[in-house]
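None of these values were measured; they are calculated from a predicted model.
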Amino acid sequence: MKTHPEKYCDLVMKGGVTSGIVYPKAVLELAKTYHFKSIGGTSAGAIAAAVTAAAALGDRRRQAGDELGPDAGFEGMADTARQLSSKGFIYSLFQPAFGATNAFRLVVLLASPARGLRKFFGILFAVLAIAPLEFLTILTVLCGLGYVIAGSVGVGAALLPAALCAFGGAGTCGAFRIARVARRNQMGLCSGLRGRRAWPWWRRRPLALTEWLHETLQVLAGKREGEPLTFGDLRHAPRYVNEPPSQYSINLQVITTGISHREPRTLPFESKGFSFLKEEFDRLFPATVVDWMIRNGAGEPLVVDGKTYYRLPEANQFPVLVAARMSLSFPLLISAVPLHEAAAWSRGQDQSTADEGEDAEVVDREAGEHTVVGTMEGLASGGRARSATVVTAMRMCWFSDGGISSNFPIHLFDTGLPRWPTFAINLRYPPADHRSRRDSGRKLSPEELEDAVFLPLTNNQGWRYSYHSIASVRAFSEVAGFVFGIIGTMQNWRDLLQSRAPGHRERIVHVSLHGAEGGMNLNMPDNVLRNISEKGAIAGQRFASFRFDNHYWIRWRNLSAAVQSYTMDFTDQTTRERWVPAYADVCGLPLADGEPPSYPFRTKAAGEQAQAMYKLLHTQGLTWKQGLDLSHKAPNPAPQLKITPTF
């Protein structure tokens, strides 16, 4: 491996549960040519991003002269890639909670490429295993009624309908039972820690997902036990010789979904609004990580209704493991992560609540906005700031898989004129009618592997619409395809549109996965694991010859056209005869009474600077309207500047 790449890059990775096997070898290939600066992802992509960041930290520390073990850095990541590609390893990471084993096995079976008959018998066995007493009770009662009515003849006549009714009743009871198990296990079948699955006495009980990830991050980063890898470790990592200046050495960001607030959130949190309960986190994270978070909380714990709520650590002290686990909480399969926020405050004799739709602020609205909403996640956190010192009630906020809201966060790290490209790895699944059950476990040839990986080489590639047919000979399959198409559109439309835009599409490598490759297939055979891993290696190799000159030129053409269009529109809207009186009073002209209605500038000089900027923009727009159109022959679709919230 090349030890001193001369180029830098950012990297974004898409979610996809077991499809994340693609990433380790892709990262190892990229590391031969590039140093990593910013790394991000969602769900399984967040796990890969955390592992990549840890390996990048280990590499930087070794280059700086730190004495690290042989498994630190990218050398250790090669072992991680081999580990993930070994048969049965991924399956062993998912260890169901007590009472969830049969439901978990059914989920694994239904997600596999097994034939319909096997899945049918799997459902039958799962229902009988989850609710055997209910099945026998209903069957006995109905057959007993048949016997009372017509003796043994009645039993024979009632047996089949009784069995069907018993199966339906047991299935209903079983569903409610599993729902109770999932709720008890924090909305998932697997917590991420070791469950109660029985293992042969001669085998060492393997680590579960969160435990394995914690151990992997610690080893790759060269961190000692009891000191979990934090975002501060990454941000303030040693710099390479002649490294371009930037805010952070390594900038890691992952996406989670705030179910209670119905919004995506970027981790680590920059605000201090959330707390956690030790007893809840003990069921999700190793004890050393929970103890670290308690010792390094951002403020004193809150005691409300007899419970102690510990503040989350500041961003620099926030454990990377917790962020990655919050991003990978696949709904109902892996437990969600509960946090808590203040719901009511007391201030003297008054009490304020934070119920939805109610203005619960007990301080000046603008003061609250400038202390909270002014940050990156102000809108997401509601912009609440409190002068009250006593919290009288807390409420639970659930965080689940980041892929629910942004499965391919291509927007991360994007700027108008980037200093280095942000590469992205997209996982694509062809339409169902192209998947071949016959080829699912076959070892692919080198040519087939190469054909499964695509990186646009010309400006006319990577923009075409994808098409997913829902047609099927079976009505149920067609309706199911329609429903899942709706869900997929809601989940991916924003990411999909942005990934096709010029300046984005040429830096995305697409990896096609077929049949039993990735997704929810937890127990894949050796050939399938090898196919996925090798596709990742090819994806990383494709970026080695990336055309920086063309990418930077496209970004400049986009930005110049967008800025010109925005400025010309500003001129149109600020032409005197088009202005409404309110705009004329506040834009570029001194106010009559000298005070704006809200959001005043800090100083008089700042207000004068804003007025000068107005005149400059207005004049420049007039000049451009009489000159050449910079959007002529610019990349399509036409770029635009918009004021949008960040998350």
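Within the structure, no pair that satisfies the salt bridge (charged side-chain N to carboxylate O under 4.0 Å, His left out) test touches residues 323-333, not counting sequence neighbours.
Annotation: Asn242, atom CG; neighbour count of heavy atoms from other residues, nucleotides and ligands within 6.0 Å does not exceed 12. Other residues, nucleotides and ligands place more than 12 heavy atoms under 6.0 Å from the CG atom of Leu630. Dense packing is recorded around OH of Tyr248, with more than 12 heavy atoms of other residues, nucleotides or ligands lying under 6.0 Å away. When the shell of 6.0 Å around CZ of Phe484 is examined, it contains 12 or fewer heavy atoms from other residues, nucleotides or ligands. Within 6.0 Å of atom CZ in Arg419, more than 12 heavy atoms from other residues, nucleotides or ligands are found, so the atom counts as buried in its surroundings.
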Just distance, no hydrogens or angles: give the donor-acceptor pairs under 3.5 Å from side chains in residues 43-55, sequence neighbours left out.
| residue | atom | partner | partner atom | Å |
| --- | --- | --- | --- | --- |
| Ser43 | OG | Asp401 | OD1 | 3.4 |
| Ser43 | OG | Asp401 | OD2 | 2.7 |
| Thr52 | OG1 | Ala48 | O | 2.7 |

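Defined by atom type and a distance below 3.5 Å, a donor-acceptor pair is missing between the side-chain atoms of Gln83 and Thr80. For Asp10 and Tyr34, the side-chain atoms include no donor-acceptor pair closer than 3.5 Å. Looking only at atom types and distance, the side chain of Arg557 has no donor-acceptor partner in the side chain of Ser631 under 3.5 Å away.
In this structure the side chain of Met77 reaches within 4.5 angstrom of the side chain of Val27, judged on heavy atoms. Within the 4.5 Å cutoff, the side chain of Thr257 has no heavy atoms near those of the Phe399 side chain. A heavy-atom distance below 4.5 Å is not found between the side chains of Cys190 and Gln95. You'll find the side chain of Tyr8 stays beyond 4.5 Å of the side chain of Phe36, heavy atoms only. When side chains are defined from C-beta on, Asn251 does not count as touching Leu234, because their heavy atoms never get closer than 4.5 Å. No side-chain heavy atom of Phe89 sits less than 4.5 Å from a side-chain heavy atom of Leu529. Using a 4.5 Å cut-off on side-chain heavy atoms (C-beta onward), Thr422 and Ser38 make no contact. In this structure, Leu284 and Leu193 have side chains that are not in contact, with every pair of non-hydrogen atoms separated by 4.5 Å or more.
For the atom pair CG (Leu559) and CD1 (Ile554), the distance works out to 13.5 Å, reported to the nearest 0.5 Å. Separation of atoms CZ (Phe74) and CZ (Arg62) is listed at 11.0 Å; rounding is to 0.5 Å. For the atom pair CE of Met524 and NZ of Lys87, the computed distance is 10.5 Å after rounding to the nearest 0.5 Å. To the nearest 0.5 Å, atoms CG (Asn531) and CG (Leu444) are separated by 3.5 Å. For the atom pair Glu534 CD and Lys443 NZ, the distance stands at 8.5 Å (nearest 0.5 Å). Summarising the geometry, atom CD1 belonging to Ile178 is positioned 6.5 Å from atom CG belonging to Leu189; distances are rounded to the nearest 0.5 Å.
When the side chain to side chain donor-acceptor pair (under 3.5 Å) test is applied to Thr18, no partner is found at least two apart in sequence or on another chain. Among residues two or more places apart in sequence or in another chain, the side-chain contact (heavy atoms from CB on, under 4.5 Å) test is passed with Ala78 by Leu28, Arg82. Residues satisfying the salt bridge (charged side-chain N to carboxylate O under 4.0 Å, His left out) test with Asp233, not counting sequence neighbours, are Lys223. Residues that satisfy the side chain to side chain donor-acceptor pair (under 3.5 Å) test with Glu243, not counting sequence neighbours, are Lys37, Arg60.
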Arg555 vs Asp414, test: side-chain contact (heavy atoms from CB on, under 4.5 Å). Steps then yes/no.
CA-CA 11 Å; Arg555 299 302 298 233; Asp414 193 39; 2.7 Å; yes
Kindly indicate, with the supporting measurements, whether the criterion side-chain contact (heavy atoms from CB on, under 4.5 Å) is fulfilled by Leu220 and Asp71.
CA-CA 6 Å; Leu220 294 178; Asp71 293 331; 5.9 Å; no
Pair Arg530, Asn527 - check side chain to side chain donor-acceptor pair (under 3.5 Å), show working.
CA-CA 5 Å; Arg530 191 177 298 109; Asn527 283 339; 2.9 Å; yes
Apply the test side-chain contact (heavy atoms from CB on, under 4.5 Å) to residues Phe546 and Val509: give CA-CA distance (whole Å), side-chain angles for both, the deciding distance (0.1 Å), then the verdict.
CA-CA 11 Å; Phe546 182 78; Val509 64; over 6 Å; no
For a side-chain contact (heavy atoms from CB on, under 4.5 Å) check, start with the C-alpha distance between Leu328 and Val254, then their side-chain angles and the critical distance, and finish with the verdict.
CA-CA 10 Å; Leu328 180 63; Val254 299; over 6 Å; no
Go through the steps to decide whether Arg239 and Ser246 satisfy the test side chain to side chain donor-acceptor pair (under 3.5 Å), and finish with yes or no.
CA-CA 10 Å; Arg239 303 266 179 166; Ser246 59; 3.1 Å; yes
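Listed for the Thr216 side chain is a donor-acceptor partner under 3.5 Å among the backbone atoms of Trp212. A distance-only check finds no donor-acceptor pair linking the side chain of Arg61 to the backbone of Ala237 [under 3.5 Å]. At least one donor-acceptor pair under 3.5 Å links the side chain of Thr42 to the backbone N or O of Ser406. Looking at Arg428, its side chain never comes within 3.5 Å of a backbone N or O of Leu513 through a donor-acceptor pair. Formation of a donor-acceptor pair under 3.5 Å by the Ser329 side chain with backbone atoms of Ser400 is not found in this model. A donor-acceptor contact shorter than 3.5 Å links the side chain of Gln218 to the backbone of Leu229. No side-chain donor-acceptor contact under 3.5 Å links Lys535 to the backbone of Leu449.
Looking at every heavy atom in both residues, Ile21 comes nearest to Ser85 through CG2-OG, 3.9 Å. Shown here for Ala56 and Tyr240, the closest heavy-atom pair between the two residues is O-OH, 4.2 Å. Between Leu412 and Gly40, the shortest heavy-atom distance links the atoms CD1-CA, 4.1 Å. The two residues Ile410 and Ala424 come nearest to each other via the heavy atoms CD1-CB, 3.5 Å. In plain terms, the two heavy atoms of Thr210 and Ser191 that are nearest each other are OG1-O, 4.2 Å. Looking at every heavy atom in both residues, Ala544 comes nearest to Thr33 through CB-OG1, 4.1 Å.
If you look at Phe330 and Phe94, their ring centroids are not closer than 6.0 Å.
A salt bridge does not link Arg547 to Glu506: none of the charged side-chain nitrogens sits closer than 4.0 Å to a carboxylate oxygen. For the pair Glu29 and Arg542, the salt-bridge criterion is not met [side-chain N within less than 4.0 Å of a carboxylate O].
Because its NZ or CZ atom is not both nearer than 6.0 Å to the ring centre of Phe423 and within 45° of the ring axis, Arg507 does not count as a cation-pi partner of that residue.
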